[in-house]
Amino acid sequence: MLGWIFFIAAFLSVSLPAAPTIRHPLANVEWDSSRNPTEDVSHLNQKSLRMEIQRGSNLYILLRQVGVSSDQIMEILKAARPLRNLGQLPAGTKVLMRWNRSNTEIPSRLEFLLDPIRSLVVDKNLDKWRARIVAAKRNVRYMGFSGLITESFWESSQRVGLPAHLAIELADVFASLIDFNRESQIRDRWRVVVERVYADDLPVGWGDIVAAEFDNQGIIYSAARFEKSDLRRHYYSRNGNSLIRMFLKSPLKFGRITSGFSQKRFHPILKINRPHLGIDYGAPRGTPVLAVGDGVVEYAAWRGGAGKTVKIRHNSTYQTAYKHLSRYAAGLTSGSRVHMGQVIGYVGATGQATGPHLHFEFYLKGRYVDPLSVDFPSADPLPQRYIAELQETYDGYFEHMPPWQDPQKVELLLTGTSGPIRLGSE
Ligand SMILES: [Zn+2]
């Protein structure tokens, strides 16, 4: 296990596409789609009402229900026609109507939410209806998720509703510190702060992970995002250590170790005792195999019992080999430069293999070593001049961090008595 524990994060101004300054009116009022306008017209002398086009209904019916005359409805439809046929809005379209206190019969303004980032506004100006498209204002908020592992990291992320691509990103953040397949265990916990992108008050997408923590049997790894124009974007601990290490802890994103490194092992095919000088990862045929570090391909070629093999020279000290591949990554040849995490081939069973798996070897100065027992150096720490800024950023993100899950819950989850828990929070 790696010895260092606490990390940190950073803060950034989030850049998004042009944000118009118009304030979306839907942001000001509680949405209540259950309200039936025909039963409650007393509030119409208030300023606004939100409604939704129901299945089997249309704008005409909706406006008649709130007392707008047929003539006015025709004028509204006519004004909007160059932009949209409001007579054919799909069911579910949200509509915000406003009335002036001076005229409670005819709304002064109607807004139709066309999609998460645009509305069509029809309003009355000098007794004439006019229509225009209004862009929603985009902004980013932070959202937290907190998970507890009962079976696997993946399963825990799905249980709390962390989107799949963010679960993969979370495993990536810690990829050089923790092998989520091998090292995450029951009762391990994680929590994360992610960017949630809104157009006005409606969530329209996800951004990045900005802060993350993983409790691996009591050892806590923490990190936050920090970026500077002169640095590659990284996740750092609070004291400026980079989470990027020289090598990934696993050449597969998902896959489990089926046979570890040993000087003596009974060989399943040769039926003799023979050292196993690498690590076998069981994974389906075709699973992408990643270069564990930057380097140059020594060869990508058939090597007898090893089948299709890629060997990478990382520097004068380290080399790695990946065997039994079904195929090489397109364009990969001896002399190719590769970087950490790049796909170099795919799991297979070429050569002498009982089934699809990756046999992975690590060499230190030409000699086999057990990569799981070597504590490799980390990449460069954050330059000292940025540390104060990093810590401010880190603390800012961690303010949004949700509480840890209680590890006692494992028993409840395993017996299935607690039902699904969602800990996503704003
Ligand atoms: Zn092997």
Side-chain angles (χ1 to χ4, degrees), residues 1 152-154 171 175-176 178-185 245-315 317-329 332 334 336 338 340-376:
M1 187 52 52
S152 67
F153 164 67
W154 180 257
S176 59
I178 305 160
D179 177 351
F180 273 60
N181 303 305
R182 188 178 70 91
E183 291 170 308
S184 63
Q185 295 174 42
R245 299 217 135 201
M246 192 182 273
F247 299 108
L248 298 178
K249 294 206 82 180
S250 169
L252 298 181
K253 259 187 189 156
F254 296 100
R256 59 194 179 85
I257 291 175
T258 50
S259 181
F261 188 94
S262 94
Q263 297 292 342
K264 201 174 147 187
R265 178 189 77 150
F266 185 71
H267 195 281
I269 289 180
L270 302 177
K271 311 283 186 205
I272 52 167
N273 280 319
R274 212 175 87 157
H276 187 240
L277 300 173
I279 292 178
D280 288 344
Y281 290 90
R285 186 186 305 275
T287 302
V289 174
L290 316 175
V292 294
D294 295 353
V296 175
V297 174
E298 249 178 51
Y299 57 79
W302 188 279
R303 281 292 184 277
K308 290 186 177 173
T309 300
V310 172
K311 190 164 183 186
I312 298 172
R313 180 186 169 82
H314 299 288
N315 53 35
T317 307
Y318 298 110
Q319 291 160 298
T320 51
Y322 312 75
K323 302 185 170 180
H324 308 306
L325 302 176
S326 56
R327 60 193 170 93
Y328 311 114
L332 196 86
S334 61
S336 298
V338 292
M340 180 193 288
Q342 183 176 335
V343 175
I344 52 166
Y346 299 89
V347 169
T350 53
Q352 272 180 9
T354 49
H357 75 285
L358 175 72
H359 176 99
F360 172 63
E361 285 172 355
F362 219 100
Y363 306 86
L364 191 151
K365 297 197 162 102
R367 291 182 45 231
Y368 294 106
V369 291
D370 179 359
L372 304 180
S373 71
V374 180
D375 199 0
F376 297 109

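Just so you know, ligand 1 is whichever comes first in the structure, and atom 1 is the first atom listed for that ligand.
Counting heavy atoms from C-beta outward, W302 and T350 have side chains that approach closer than 4.5 Å. Residues L290 and V343 are in side-chain contact: their nearest non-hydrogen atoms beyond the backbone lie under 4.5 Å apart.
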(request) Could you please spell out the steps behind the side-chain hydrogen bond (donor to acceptor under 3.5 Å, both in side chains) verdict for Y318 and T320? (result) CA-CA 7 Å; Y318 298 110; T320 51; over 6 Å; no
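Residue contacts to the Zn ion (ligand 1): H359 brings an N, O or S atom closer than 2.8 Å. Taking backbone and side chain together, H276 holds an N, O or S atom under 2.8 Å from the Zn ion (ligand 1).
Of all N/O/S atoms in D280, OD1 sits nearest the Zn ion (ligand 1).
Residues P356 and V347 share a closest heavy-atom pair of C-CG1, 4.1 Å.
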